[in-house]
Structures are given as C-alpha cells and as structure tokens.
Amino acid sequence: MASKKWATADVAGLRTHTMNNSVSSVLRTRNWQSTLTAVLIGLLIVMAVLMKWLVQSQVDAAQERRSLEALAREAETRCFALASHRATEACRAAHASAAASGTPIR
C-alpha cells in the first residue's frame with residue numbers, strides 16, 4: 001500500500017514537473033517572440049530614419065543642382081547678350097571650360 005501512495009506521489013510530482021516545464025517553455029517562447037518583435041521594431045525604426053536621411057540628401061542635391069543650372073543659364077544669357085557672334089562663342093567656350101574644371105561660373 002505504501003508503494004501505491006509512493007507511485008501516486010511520483011506521478012503527481014511528475015505532473016507538477018511537467019506543468020512547470022511547460023510553463024517555462026511557454027515563457028521561453030514568449031521571451032523569444034518578444035525579442036524578435038523588439039528587434040523587428042528596432043529595424044523598422046532604423047529603416048525609417050535611413051529613408052528620411054536619404055530623401056533629405058536627395059532633395060538637397062536636387063536643390064543644389066537647380067541653383068547651379070540657374071547660374072549656368074544666367075551665364076549663357078549674358079553670353080548671348082554680347083554684340084558679335086565671335087564674342088558669344090568665346091564666352092560660351094570659357095564657361096564650358098570653367099564648368100568642366102569645376103570652377104563656379106559668375
């Protein structure tokens with residue numbers, strides 16, 4: 001009779017151990033899922049910041065390009081305002097060589 005009680009206690013102990021094991025397994029799974037979710041949210045935030053930076057740099061580059069193109073158009077207009085064809089072509093050649101060397105056209 002004592003062995004039967006002992007076996008029942010073992011079974012109850014096994015059940016308790018199994019319940020604790022499944023609870024810790026669930027907690028580990030939730031912990032893993034929470035970690036993965038946090039990492040994904042972090043990556044999403046990083047991607048959003050990088051996209052904002054990229055778009056801003058593209059906008060800045062476009063504004064600078066527009067201002068340089070406006071300066072070039074003004075220089076071409078001044079060249080075409082000259083009296084002779086030879087002076088106009090010399091002015092345009094000077095501006096083309098200045099643009100190729102990277103010096104600003106004034």
Residue pair R65 / E69, side-chain heavy-atom distance below 4.5 Å = yes

State whether the side chain of T88 and the backbone N or O of C79 hold a donor-acceptor pair below 3.5 Å, judged by distance alone.
-> yes

Kindly compute the distance separating CZ (F80) from NE2 (H85), expressed to the nearest 0.5 Å.
-> 9.0 Å

Measure the spacing between CD of Q58 and CD of Q56 and express it to the nearest 0.5 Å.
-> 10.5 Å

Sequence neighbours excluded and cut-off under 3.5 Å, please list the side-chain donor-acceptor pairs for residues 39-47, or say none.
none

Test salt bridge (Lys or Arg N to Asp or Glu O under 4.0 Å) on E89 and R92 and set out the steps.
-> CA-CA 5 Å; E89 290 304 314; R92 291 182 70 207; 3.7 Å; yes

